[in-house]
Trainee: 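Dumping the structure here so I can ask a few things about it.
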Amino acid sequence: VQLQASGGGLVQAGGSLRLSCVTSGRTFSSYCMGWFRQAPGKEREFVAAIDWSGGSTNYAASVKGRFTISRDSAKNTVYLQMNNLKPEDTAVYYCAADSAGYSSDYSKYDYWGQGTLVTVSS
């Protein structure tokens, strides 16, 4: 499966962005989807994940209440709505697909997108 992430950019603290990740190549509903991020000099970290149907989600504590993950099966797309952004949210954001579950462990994911850069200025 191929993943194409988009929607990153420069935003001021307190602002919002919506990331999108379009998938192709396999049945979208066969995969749980996750968002991860990696800031300069830091390890990749979990942000949010959603199950096959969109009925269950999981969030990192640092983004809970500010970010929302969702999926649209008609468009084969997973979204990450990011509100009340903070400078510490600055990172390259990656979407990923996993057929087995919506884990917070990045090593469980089989497929990855290319990443989209989010920069939050203070």
Side-chain angles (χ1 to χ4, degrees):
V1 62
Q2 292 79 46
L3 292 77
Q4 180 73 37
S6 63
L10 174 64
V11 64
Q12 289 188 333
S16 298
L17 281 175
R18 188 177 79 158
L19 305 184
S20 300
C21 177
V22 180
T23 68
S24 61
R26 294 283 180 92
T27 305
F28 183 59
S29 61
S30 297
Y31 293 91
C32 298
M33 303 297 296
W35 286 98
F36 293 79
R37 67 187 182 187
Q38 188 165 18
K42 294 188 177 181
E43 293 191 355
R44 190 168 300 191
E45 66 173 357
F46 170 72
V47 176
I50 191 166
D51 75 350
W52 301 266
S53 66
S56 295
T57 57
N58 187 22
Y59 295 92
S62 59
V63 307
K64 200 166 188 179
R66 299 188 297 123
F67 291 10
T68 302
I69 188 171
S70 62
R71 63 191 295 161
D72 185 338
S73 295
K75 297 182 178 180
N76 290 347
T77 301
V78 62
Y79 301 99
L80 185 68
Q81 177 66 44
M82 306 186 294
N83 298 329
N84 190 21
L85 282 160
K86 304 176 180 181
E88 52 263 42
D89 294 318
T90 295
V92 177
Y93 283 71
Y94 299 89
C95 57
D98 177 16
S99 60
Y102 56 114
S103 173
S104 61
D105 181 353
Y106 70 84
S107 68
K108 302 291 187 183
Y109 286 78
D110 304 309
Y111 303 97
W112 291 83
Q114 84 289 359
T116 185
L117 177 62
V118 172
T119 304
V120 184
S121 63
S122 57

Trainee: Side chains of T57 and D51, heavy atoms from C-beta outward: is any pair under 4.5 Å?
Mentor: no
Trainee: Out of curiosity, S20 OG to Y79 OH, how far, rounded to the nearest 0.5 Å?
Mentor: 5.5 Å
Trainee: Side chain to side chain contact (heavy atoms under 4.5 Å, CB included) for T116 and V92? Distances and angles first, verdict last.
Mentor: CA-CA 5 Å; T116 185; V92 177; over 6 Å; no
Trainee: Tell me whether R71 forms a cation-pi arrangement with W52, defined as NZ or CZ under 6.0 Å from the six-membered ring centre and within 45 degrees of its axis.
Mentor: no
Trainee: Looking at side-chain heavy atoms only, is the closest gap between E45 and Y106 below 4.5 Å?
Mentor: no
Trainee: Would you say W35 ends up clustered with L85 if hydrophobic residues are merged whenever their side chains have heavy atoms under 4.5 Å apart, either directly or through other cluster members?
Mentor: yes
Trainee: If I take atom CZ from residue F46 and atom OH from residue Y102, how far apart are they, to the nearest 0.5 angstrom?
Mentor: 9.5 Å
Trainee: Are V22 and F28 in one and the same hydrophobic cluster, where Ile, Leu, Val, Met, Phe, Trp and Tyr link if side-chain heavy atoms are under 4.5 Å apart?
Mentor: no
Trainee: Once rounded to the nearest 0.5 Å, what's the spacing between atom CZ of R18 and atom CD of Q81?
Mentor: 7.0 Å
Trainee: How far does CZ of R66 sit from NZ of K86, to the nearest 0.5 angstrom?
Mentor: 4.5 Å
Trainee: Compute the centroid of each ring, for F36 and then for Y109, and state whether the two points are separated by less than 6.0 Å.
Mentor: yes
Trainee: If you measure from OH on Y111 to OG1 on T23, what distance do you get to the nearest 0.5 Å?
Mentor: 11.5 Å
Trainee: Taking the side chain as every heavy atom from C-beta outward, state whether L19 and M82 have any pair of such atoms under 4.5 Å apart.
Mentor: yes
Trainee: To the nearest 0.5 Å, what is the distance between CG on L3 and OH on Y31?
Mentor: 9.5 Å
Trainee: Please lay out, stage by stage, how D105 and S107 fare under the test side chain to side chain donor-acceptor pair (under 3.5 Å).
Mentor: CA-CA 5 Å; D105 181 353; S107 68; 2.8 Å; yes
Trainee: Less than 4.5 Å apart, side chain to side chain, heavy atoms only: is that true for Q38 and Y94?
Mentor: yes
Trainee: With hydrophobic residues grouped by side-chain heavy-atom distances under 4.5 Å, do V11 and V47 end up in a single group?
Mentor: yes
Trainee: List the steps and the verdict of side chain to side chain contact (heavy atoms under 4.5 Å, CB included) for V63 and R37.
Mentor: CA-CA 12 Å; V63 307; R37 67 187 182 187; 4.0 Å; yes
